Q: 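Got a structure for you, questions after.
Given the structure is predicted, the values throughout are model-derived calculations rather than measurements. To find a chain, count down the sequence lines: A is the first, B the second, and so on, and within it residues start at 1.
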Number of protein chains: 2
Amino acid sequence: MDGQLPDADVDALAFDVFTRRCPSRPTLEHVTGRWGSLTLGALAEGRLRFNELRRRVDGVSEKMLSQTLQALERDGLVHREAQPVNPPRVDYELTPLGQEVAARLIALIELVEGRMPEVLTARERYDAVRGAR
Amino acid sequence: MDGQLPDADVDALAFDVFTRRCPSRPTLEHVTGRWGSLTLGALAEGRLRFNELRRRVDGVSEKMLSQTLQALERDGLVHREAQPVNPPRVDYELTPLGQEVAARLIALIELVEGRMPEVLTARERYDAVRGAR
DNA sequence: CGGGATCCGAGACGATACTG
DNA sequence: CAGTATCGTCTCGGATCCCG
């Protein structure tokens, strides 16, 4: 191998995400999106209520959290369980499929987090060269 | 294991992506973003030129591809190599770090692609219940 | 508490034209 | 070929108010 990924992985990459009108793109965007990734990451720790989730994912607005959860629920990654009590109580948790997705996502997030020092120095070098802009 | 992820993974999740002003969020967004993920996926196959990349990632505009590549290069995930010839020739390839990131990303993409049937049926069920809206 | 409805600004994005 | 510049659109996303 010459520094690229093994052929097995590359061949398996011949899916259609690269194609415009492909059903997997929207789902992938829900998963990897700004709030989708953080929401899945938070739910990987266990079942959470709406406002618990809201506190965990710092910076998310009610609207976006609600929107994100609906998209993930629709895709079958998150299960929503509303109890008809007062005050209302709604729990969110990952489905089995959601757990698999979250696991891969977390692997990615952990890698990026762990390598941030490298990223930061790379940025400095880049900015130093192209100081003008 | 009670259906959630192992404690080891969960504990490791105590990073700061969940925090608003954290340097890793932007990078994560570059990686997982709409065009970032597809660009890294395409480059995982090997070194590509600008327009090759543009053809591979269906639907991306010149502007967005250029922008995406600059962000990824700045983060140290992509290496840009310009040859001062005429006509101009510029090759893009993953850095070692970029390859690691791409590998995790591809694992995620493949999982989502492979489970699309489940996602699709989940959607139908969801839409059937909430037909009204 | 768990949302939905609405308004509004900022930035993402695409199409086109232009340059080296 | 490999971009940059400009412009118009359109969606994202936050703030606010409201309801069960």
Side-chain angles (χ1 to χ4, degrees), chain A residues 19-21 25-39 42-43 47-74 78-93 126 129-130 132-133, chain B residues 18-21 25-39 42-43 47-74 78-93 126 129-133:
Chain A
T19 311
R20 246 186 274 246
R21 282 295 166 193
R25 270 205 193 177
T27 299
L28 190 64
E29 283 167 24
H30 297 155
V31 171
T32 62
R34 190 172 177 189
W35 302 121
S37 57
L38 296 175
T39 301
L43 284 177
R47 154 183 305 213
L48 287 173
R49 299 178 60 177
F50 188 84
N51 277 333
E52 288 174 342
L53 212 39
R54 187 155 147 54
R55 261 171 266 122
R56 183 81 179 95
V57 181
D58 189 32
V60 69
S61 66
E62 293 178 9
K63 178 186 170 182
M64 291 317 296
L65 181 57
S66 172
Q67 216 171 86
T68 301
L69 286 169
Q70 282 176 29
L72 294 176
E73 188 196 355
R74 195 170 102 100
V78 163
H79 174 65
R80 177 180 187 274
E81 191 168 346
Q83 298 172 34
V85 298
N86 199 301
R89 176 186 179 98
V90 181
D91 290 291
Y92 291 91
E93 62 185 336
Y126 184 93
V129 175
R130 327 209 156 174
R133 178 156 298 276
Chain B
F18 291 106
T19 311
R20 247 186 274 247
R21 282 295 167 192
R25 271 206 192 176
T27 299
L28 189 64
E29 283 167 24
H30 297 155
V31 170
T32 62
R34 190 174 176 188
W35 302 122
S37 56
L38 296 175
T39 301
L43 283 177
R47 154 183 304 215
L48 288 174
R49 300 177 60 176
F50 188 85
N51 277 333
E52 287 173 342
L53 212 39
R54 185 154 149 54
R55 262 170 266 122
R56 182 82 179 98
V57 181
D58 189 32
V60 69
S61 65
E62 291 179 10
K63 178 185 169 183
M64 291 316 297
L65 181 57
S66 172
Q67 217 170 87
T68 301
L69 286 169
Q70 282 176 28
L72 294 177
E73 188 196 355
R74 194 169 103 99
V78 164
H79 174 66
R80 177 180 187 274
E81 191 168 347
Q83 298 171 36
V85 298
N86 198 300
R89 176 186 180 98
V90 181
D91 290 291
Y92 292 91
E93 63 185 338
Y126 184 93
V129 175
R130 323 209 157 178
R133 174 155 300 277

Q: Walk along nucleotides 14-20 of chain D from 5' to 3' and tag each nucleotide B, S or - by protein heavy-atom contact under 4.0 Å, base first, then sugar-phosphate.
A: BB----B
Q: Examine dG3(C): is either OP1 or OP2 under 4.0 Å from a nitrogen or oxygen in the side chain of Y92(A)? Give yes or no.
A: yes
Q: I need the CG-C1' distance between L48(A) and dC1(C), as an integer number of Å.
A: 15 Å
Q: Measure from the side-chain N and O atoms of S66(A) to the backbone N and O of E62(A), and report whether any donor-acceptor pair falls under 3.5 Å.
A: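 Side chain of S66(A) to backbone of E62(A): no pair is present.
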Q: Measure the distance from CD on E29(A) to C1' on dG13(D) and round it to the nearest whole Å.
A: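 Rounding to the nearest Å, CD of E29(A) and C1' of dG13(D) are 16 Å apart.
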Q: Can you tell me the distance, in whole Å, between the CZ atom of R54(B) and the P atom of dT4(D)?
A: 14 Å
Q: Can a side chain N or O of S66(A) be found less than 4.0 Å away from OP1 or OP2 on dG4(C)?
A: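 Yes, such a contact exists.
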Q: Among L72(A), L38(A), V78(A), which residue satisfies the side-chain contact (heavy atoms from CB on, under 4.5 Å) criterion with L43(A)?
A: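 That would be V78(A).
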Q: Passes side-chain contact (heavy atoms from CB on, under 4.5 Å), R34(B) versus M64(B)? Steps please.
A: CA-CA 10 Å; R34(B) 190 174 176 188; M64(B) 291 316 297; over 6 Å; no
Q: Show the numbers, then the answer: is there a side-chain contact (heavy atoms from CB on, under 4.5 Å) between R25(A) and T19(A)?
A: CA-CA 9 Å; R25(A) 270 205 193 177; T19(A) 311; 5.8 Å; no
Q: Find the distance E52(A):CD to dG2(C):C1' and express it as a whole number of Å.
A: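 So the two atoms are 13 Å apart, to the nearest Å.
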Q: Taking all non-hydrogen atoms of both residues, which atom of T68(A) and which atom of W35(A) are closest, and how far apart?
A: OG1-CB, 3.5 Å
Q: Tell me which nucleotide among dG2(C), dT4(D), dC1(C) gets nearest to the side chain of Q70(B).
A: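 Looking only at side-chain atoms, Q70(B) lies closest to dT4(D).
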Q: In whole angstrom, what separates D91(A)'s CG from dG2(C)'s P?
A: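 Spelled out: CG on D91(A) to P on dG2(C) is 8 Å.
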Q: Are any side-chain N or O atoms of D58(A) and backbone N or O atoms of R20(B), one a donor and one an acceptor, separated by less than 3.5 Å?
A: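 Such a contact is found between D58(A) side chain and R20(B) backbone.
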Q: Which heavy atom in A42(B) sits nearest to a heavy atom in L48(B), and how many Å separate them?
A: O-CD1, 3.9 Å
Q: Answer yes or no: does a side-chain N or O of N51(A) lie under 4.0 Å from OP1 or OP2 of dG2(C)?
A: yes
Q: Does OP1 or OP2 of dA2(D) have a side-chain N or O of R49(B) closer than 4.0 Å?
A: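 The answer is yes; a side-chain N or O of R49(B) sits under 4.0 Å from OP1 or OP2.
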Q: Under 4.0 angstrom, heavy atoms only, what part of the nucleic acid is R80(B) near: base, sugar-phosphate, or nothing?
A: sugar-phosphate
Q: Taking atom P of dT6(C) as reference, at what distance in whole Å does atom CD of Q67(A) sit?
A: 15 Å
